[in-house]
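Quick note on labels: first sequence line is chain A, next is B, and so on, each numbered from 1.
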2 protein chains.
Amino acid sequence: MGVTLKDVARLAGVSAKTVSNVVNGCPGVSDALRRRVRDAIGQLGYRPHLAARHLRTGRTGLLALVVDTPHLDEVARAILRAAAQRGHRVVVAPRGPARGVTAAWRDVPADGILLGTNAPPRDVLDAEVTAGTPLVLLGEGRDDRCDRVGVDMVRAARDATAHLLALGRRRIAAIGADPGPSRSRTAGYRQALRRAGIDAPAAYVRATARPERTDGYHAARSLLAHDPPPDAIFCYSDPLAVGAIRAATDAGLRVPDDVAVIGFGGTEEGRYVRPSLSTVVPDAEVIARAAVTRIVARIACPDLPPAEIVAPHTVLPRESAPAPPGGSRPASPRESAPELPGGSVRACPRGSVPHRETAPHTPRAGDGGAAAGGPRVPA
Amino acid sequence: MGVTLKDVARLAGVSAKTVSNVVNGCPGVSDALRRRVRDAIGQLGYRPHLAARHLRTGRTGLLALVVDTPHLDEVARAILRAAAQRGHRVVVAPRGPARGVTAAWRDVPADGILLGTNAPPRDVLDAEVTAGTPLVLLGEGRDDRCDRVGVDMVRAARDATAHLLALGRRRIAAIGADPGPSRSRTAGYRQALRRAGIDAPAAYVRATARPERTDGYHAARSLLAHDPPPDAIFCYSDPLAVGAIRAATDAGLRVPDDVAVIGFGGTEEGRYVRPSLSTVVPDAEVIARAAVTRIVARIACPDLPPAEIVAPHTVLPRESAPAPPGGSRPASPRESAPELPGGSVRACPRGSVPHRETAPHTPRAGDGGAAAGGPRVPA
DNA sequence: CTGAAAGCGCTTACAG
DNA sequence: CTGAAAGCGCTTACAG
């Protein structure tokens, strides 16, 4: 407790700088000295004081991950894996008490923030941007001044809705449509309906306070009491959809026969509910790799022009909204895959030089991961 | 960007110390000065450099929460709420890549760690203890040198098993029984069987690599192929149980008629699967309050004798293992409630002066929280 | 290739 | 009640 670099230097009989060089793997230290220093470090149990380093260098060596929306849960897990693989340490400010999160990530000591929140409040974002905090957005919100990595939310929502249309459904409702944060998903939903020449009553679009199971349950229950009731529901997160399924079956309805349900996020949970949950699966691996690469690059070069990196998504049919009989899925993996391997990159309005990310695309096996080691879900 | 306390002092025409006093709410600054300083802070957008403060004071002002086992998910959420309510900032090292977590929490900058992992590796724990890191254990593992806050795991497992016995089950299996980390739950399971005069075959106790759904699925599938197959399964986490239910129904078995299932953790997810999941519910609010209180106390007074704070748990019958017809539940809330309000405190072997925690007990309504705002689960 | 000095931005004794 | 100085443990120019 309290072993400093100086103590190590004294024991090893070298200067503080040499110890620092060894600790940080800097070249220019002879092997013999390096060994002597290593020994001294081991003997004293020295561990560098991170705050001192931070104060001096301005770098914490930490990334922060903030996820306050469950449709990014799998993405968050993938980011943790990807960061660990590359040796980056990550702290998480989790989905928590509504206000807590937004407040929390301002003071987390990190060099950069991966912000998996939908539509971060404008003023908070402004403060971070002007403070120069490296920021990568993962959710729905876009900002000309920030990087974003994620699926094309409008298109993903359109594909989900089109999947329900392909099943012959016409009275399609949407749950989760917060006017602000979920704007693009609602836009995609409406686009799909418009193209099919369908006009959804306003009551079919339900905003919920949060994206959790209980919210989906109550929204669905109210929706199913509407006249006429919807014959399909698109939920903006998997937990919302899980709640909706339970509400439907509790009401004595059959899923998908009476009402089909599709979620958003591709979470594990959806494979185990009954009926199992159809869902839109963001390519979490691509997003994770691109997001980590990007935040690291942004930390190194704050002046990079902001870029948007679009990752592929797939519609994964399971029991709650199965593949249409014809077999021609409205949003085949091929169709929704990006033109460029690894996600396409759009130049942001302000960015004069669009930055090309290296995020190699890993083809997903079959149903997007459900094959590996899990239950075989009846088709 | 780069506004320091000195800048504020200059603008306000005071010394650095005065600004520091104002920022930290120290008394002894006249109201007029305080105002002037506040104004200067606002004008410059000053935010204190946390690392500098940390370096000087040795305090980060952060708590770290490490949860790598899902039976503590609800506890983790409650801790986040409790900490936020009391103005403590928390960073989370989440359940992630198996090794990542254990490695990660060593370098998270925090004044103390709430460690929700089962049986932390001895050597890692040793290192932290000798380093003097304030530590509160939340999982199964105990250590004479550390505080622990949580339910009585042996008793909780005994109650879960007794619940299955009360349903008339005799061939009761257990999933999740890692020899090390889950020892006490296995002990409780065996106690209950022994008291009922039942001898479970060794094959009925299954260790799994992880406590997730897919592990529960595979363990249950293998278990149900055993001859004779179990007529009830106690799972050491809710996700394990969710997987087990799916395995049983996939195999064409009826839950609970052919095989009853009970989980551990009282997670939300269990209310929505079908059949809904019976589970052991730790009193997350009591644990959360006690854990936060304790870690804060331990940070302030490192020499407190280590204490164990035992929180109450309840068995929550739902569809997958309903209440027995007689109505006399084997583990009524009353029976498993602690003698002392707020959880009983046991003196640790080394602690000569057992420390009494103040963790007021909140009686749980009905089924342990499931009543509020969720689906009405058929009895 | 290695060493002595300065300084990152705070807070904490110590004077006034 | 307020101010000037020292120092927390590192790393970064700068000399040798």
**Asked** Between Leu80(A) and Val92(A), is a side-chain contact (heavy atoms from CB on, under 4.5 Å) present by the stated rule, with each step listed?
**Response** CA-CA 9 Å; Leu80(A) 259 16; Val92(A) 178; 4.1 Å; yes

**Item:** Where at least one partner belongs to residues 3-52 of chain A, residue pairs that pass ring-ring contact (aromatic ring centres under 6.0 Å, His included), sequence neighbours excluded
**Value:** His49(A)-His54(B)

**Asked** What pair of heavy atoms forms the shortest contact from Ile287(B) to Ala311(B), and how long is it?
**Response** CG1-CB, 3.4 Å

**Message:** Output one letter per nucleotide in nucleotides 8-16 of chain C: B when a protein non-hydrogen atom lies under 4.0 Å from the base, S when only the sugar-phosphate is that close, - when neither is.
**Reply:** BBBBBB---

**Request:** Answer with yes or no whether the side chains of Arg86(B) and Thr293(B) bring together a donor and an acceptor at under 3.5 Å.
**Result:** yes

**Request:** Counting Watson-Crick and G-U wobble pairs whose two distances are both under 3.5 Å, find the runs of 3 or more in a row that involve DNA chain D.
**Result:** C:1-3 with D:14-16, C:5-12 with D:5-12, C:14-16 with D:1-3

**Message:** Given Leu65(A), which partner from the list Ile79(A), Ile295(A), Val91(A), Val136(A) fulfils the side-chain contact (heavy atoms from CB on, under 4.5 Å) test?
**Reply:** Ile79(A)

**Asked** Any side-chain heavy-atom pair from His88(B) and Val296(B) closer than 4.5 angstrom?
**Response** yes

**Prompt:** Which distance, rounded to the nearest 0.5 Å, do you find between the CD1 of Ile299(B) and the OG1 of Thr60(B)?
**Reply:** 7.5 Å

**Prompt:** If only side-chain N and O atoms of Thr18(A) are considered, is one of them under 4.0 Å from the OP1 or OP2 phosphate oxygen of dC1(C)?
**Reply:** no

**Atom pair CD (Glu128(A)) and CZ (Arg145(A)), whose distance is rounded to the nearest 0.5 Å** = 11.0 Å

